[in-house]
Amino acid sequence: MSQSVIKTDVALVGAGIMSATLGALLRRLQPDWSISLFERLDAAGAESSDPWNNAGTGHSALCELNYTPRTADGDVNIDKALNINEQFQVSRQFWANSVDNGILGDPSEFINPIPHVSFTHGPAGVDYLRKRYDRLAGQVLFEGMEFIDDPTEFSARLPLMSAGRDFSDPVALNWFTDGTDVDFGALTQQLLNFVGRTGADIYYGHDVTNLSKQSDGSWVIKVRNLRTKEKRTVHAKFVFVGAGGGALHLLQRSGIKEAKGFGGFPVSGEFFRCTNPDLISEHQAKVYGQAAVGAPPMSVPHLDTRVINHQPGLLFGPYAGWSPKFLKNGKITDLPYSVKANNLLPMLSIAPQEFGLLKYLISELAANRADRVNTLSEFVPRADGGDWEIITAGQRVQVIRKTGVGGTLEFGTAVVTAGDGTIAGLLGASPGASTAVPAMLQVLEKCFPNEYAGWGPALTEMIPSFGQKLSDNRDLFRQVWDWTTASLQLKRGAVDTRVEADRAPAAAL
């Protein structure tokens with residue numbers, strides 16, 4: 001059996017949105033560095049980044065109620081919403097600049113304007129949404145949000161959700177017209193096309209089986225061609241593990257102390273996908289409700305318009321499930337093989353802490369198709385199961401972080417980097433893809449501190465708000481917003497036009 005050797009400055013593991021984003025950033029910041037990417041599947045963005053493996057919500061906290069929780073005194077905490085929206089604006093700027101520079105093609109291939117809407121019903125739900133609106137509407141990043149509790153207006157905007165609804169049960173909406181639907185699979189493919197055509201080597205059908213650190217700080221990576229069984233040895237100065245749920249195993253094998261104590265809790269899921277074109281045409285919005293008590297944030301029910309290959313679609317879910325796999329195309333041994341001496345106690349401590357979550361998952365696993373249609377009917381009162389088909393969503397691995405002798409289950413994303421900056425990886429799930437650019441900027445800052453300062457001007461050209469907070473600068477936000485809206489060809493407000501992309505605003509904005 002033959003074996004070959006590859007030498008590279010940067011090795012990227014996994015062909016998802018994270019590796020694609022980091023690769024694109026590095027090709028622009030340091031074009032003289034060599035990059036090699038290894039993906040076990042035969043295509044880019046085929047796991048969690050695939051458009052039917054996620055809801056495609058451009059997560060900017062416009063509609064996701066788990067980012068604006070109630071406080072003990074009945075108020076609403078918006079801190080997380082502000083932070084996530086700020087991060088999404090960074091991603092949006094990078095995408096717009098990439099379109100302006102020919103790195104990304106037709107924006108409608110990967111991003112389209114779709115209203116983002118929060119939905120509650122019942123007196124308590126209406127009160128909560130009013131308070132949420134009162135807290136957010138005056139914020140720079142949330143200007144334009146509307147509060148709607150009039151049944152007539154509700155029906156005009158959401159006809160599918162209003163048909164057959166008993167409005168004696170009060171309803172409320174937080175409506176934001178300028179939301180987006182993002183096809184992260186198409187975005188990943190376009191970014192990797194750029195990375196590849198500018199000199200990087202991309203290997204599909206190649207599985208990374210092990211990696212070990214050398215005395216000089218470099219890494220030796222073992223890779224196997226899944227088609228020919230050929231084995232390759234890769235010598236890399238820097239490694240990024242962007243392998244979705246599979247990242248945990250590789251970070252554990254790396255032996256870095258920063259990965260010790262981390263565990264993973266896999267959660268699978270399914271969606272209802274609408275098969276009736278008439279119903280699809282009656283709904284143009286991403287509408288998020290409230291999660292069931294004890295449910296993980298990723299299980300917040302939502303009725304979503306999708307735009308994939310220029311075709312509108314509609315999905316509802318997710319319906320939570322459970323599998324020991326860490327990837328949709330993973331193995332049932334993924335979870336048991338992730339248990340180590342350093343994370344055993346943190347993982348065991350989760351069960352008593354998250355009893356509500358476990359109870360919720362058990363109830364979801366016991367649900368039949370009729371139960372699922374009944375859940376859908378809260379959003380679509382006249383739902384007919386014959387109009388919907390079940391599809392399996394991407395696998396998510398929630399982070400278990402060691403705290404003391406126990407652990408804490410986290411529902412966000414975590415960047416793990418070695419102290420010497422030679423390896424980094426990403427763990428966790430939502431908001432994930434939507435905040436890929438700020439997450440990868442964090443990797444660059446931690447892993448390349450000597451170069452990072454020098455990259456400042458180039459990063460500011462790509463991301464005009466780099467180093468600043470848009471939430472503190474209304475004028476800058478409006479300039480950046482208008483530019484990205486034009487470059488990404490997104491409608492602004494109710495104006496039904498597409499604006500020809502302009503150049504990015506000057507760095508000195």
Side-chain angles (χ1 to χ4, degrees), residues 21 25 57-64 67-68 76-101 104 107 110-118 132-147 174-182 286 431 433-442 445 456-495 497-509:
T21 299
L25 282 165
T57 304
H59 282 294
S60 44
L62 297 171
C63 58
E64 307 92 324
Y67 298 147
T68 52
V76 177
N77 187 322
I78 64 171
D79 292 347
K80 190 170 185 179
L82 293 174
N83 183 52
I84 289 174
N85 193 305
E86 190 86 46
Q87 292 181 69
F88 182 72
Q89 302 306 324
V90 172
S91 292
R92 183 171 157 136
Q93 290 173 72
F94 177 71
W95 301 337
N97 177 267
S98 296
V99 170
D100 291 349
N101 286 278
L104 295 174
F110 66 90
I111 189 168
N112 285 276
I114 296 292
H116 281 201
V117 185
S118 305
R132 180 180 183 271
Y133 167 79
D134 289 341
R135 295 281 280 119
L136 286 175
Q139 298 292 326
V140 172
L141 301 179
F142 292 83
E143 289 180 342
M145 177 177 283
E146 301 173 73
F147 175 79
N174 285 169
W175 184 285
F176 196 93
T177 296
D178 295 320
T180 52
D181 174 76
V182 184
K286 289 183 177 291
S434 297
T435 58
V437 178
M440 293 306 96
L441 290 178
Q442 184 180 344
E445 183 177 18
L459 289 171
T460 303
E461 180 182 350
M462 297 181 220
I463 304 161
S465 72
F466 179 70
Q468 304 180 66
K469 288 186 66 175
L470 290 172
S471 57
D472 294 337
N473 192 328
R474 190 180 304 272
D475 289 341
L476 176 59
F477 170 69
R478 286 177 174 169
Q479 292 179 60
V480 164
W481 179 266
D482 289 343
W483 157 57
T484 57
T485 297
S487 290
L488 296 174
Q489 300 177 23
L490 302 172
K491 293 179 302 214
R492 180 160 175 82
V495 180
T497 59
R498 291 227 170 182
V499 185
E500 182 179 349
D502 297 322
R503 288 189 308 108
L509 281 175

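The figures here come from the full heavy-atom set of this structure, side chains too, leaving out hydrogens, waters and symmetry mates.
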Legend entry - Partner set under side chain to side chain donor-acceptor pair (under 3.5 Å) for N85, not counting sequence neighbours: Q89
Inset, instruction - Report yes or no: does T460 contribute a side-chain atom to a donor-acceptor pair with the main-chain N or O of F466 at less than 3.5 Å? - result: no
Inset, instruction - State the CD-CG distance between Q87 and L441, to the nearest 0.5 angstrom. - result: 10.0 Å
Legend entry - Distance, nearest 0.5 Å, that separates NZ of K286 from SG of C63: 8.0 Å
Legend entry - side-chain contact (heavy atoms from CB on, under 4.5 Å) involving T21 - partner list, sequence neighbours excluded: I17, L25, L191, A436, V437, M440
Legend entry - Plane angle bin for Y133 and F147 - parallel if under 30°, tilted between 30 and 60°, otherwise perpendicular: tilted
Inset, instruction - Kindly compute the distance separating CZ (F176) from CD (E146), expressed to the nearest 0.5 Å. - result: 10.0 Å
Legend entry - side chain to side chain contact (heavy atoms under 4.5 Å, CB included) evaluation trace for L488 with V99: CA-CA 7 Å; L488 296 174; V99 170; 4.0 Å; yes
Legend entry - side chain to side chain contact (heavy atoms under 4.5 Å, CB included) assessment of R135 paired with T68: CA-CA 10 Å; R135 295 281 280 119; T68 52; over 6 Å; no
Legend entry - Considering all heavy atoms, the nearest F88-S60 contact: CD2-CB, 3.6 Å
Inset, instruction - Just do the side chain to side chain contact (heavy atoms under 4.5 Å, CB included) check on F142 and L82 with the steps written out, would you? - result: CA-CA 9 Å; F142 292 83; L82 293 174; 3.8 Å; yes
Inset, instruction - Say whether R132 and S118, considering side chains only, have a donor N or O and an acceptor N or O under 3.5 Å apart. - result: yes
Legend entry - Polar side-chain atom of E64 near backbone of L62 as donor-acceptor pair, under 3.5 Å: yes
Legend entry - Verdict with supporting geometry, L470 and V140, side chain to side chain contact (heavy atoms under 4.5 Å, CB included): CA-CA 8 Å; L470 290 172; V140 172; 5.8 Å; no
Inset, instruction - Would you give the length of the straight line joining atom CD1 of I114 to atom OG1 of T180, rounded to the nearest 0.5 angstrom? - result: 9.0 Å
Inset, instruction - Nearest 0.5 Å please: distance from the CG atom of D178 over to the CH2 atom of W481. - result: 5.0 Å
Legend entry - Donor + acceptor pair across side chains of S487, R92 (<3.5 Å): no
Inset, instruction - Search all heavy atoms of G58 against all heavy atoms of V182 and return the closest pair with its distance. - result: CA-CG2, 4.0 Å
Legend entry - Heavy-atom closest contact (P438 atom, S91 atom, distance): CD-OG, 3.4 Å
Inset, instruction - Walk me through it: do Q93 and S465 pass the test side-chain hydrogen bond (donor to acceptor under 3.5 Å, both in side chains)? - result: CA-CA 8 Å; Q93 290 173 72; S465 72; 2.8 Å; yes
Legend entry - Point-to-point distance, once rounded to the nearest 0.5 Å, from CZ of F477 to CG of D482: 9.0 Å
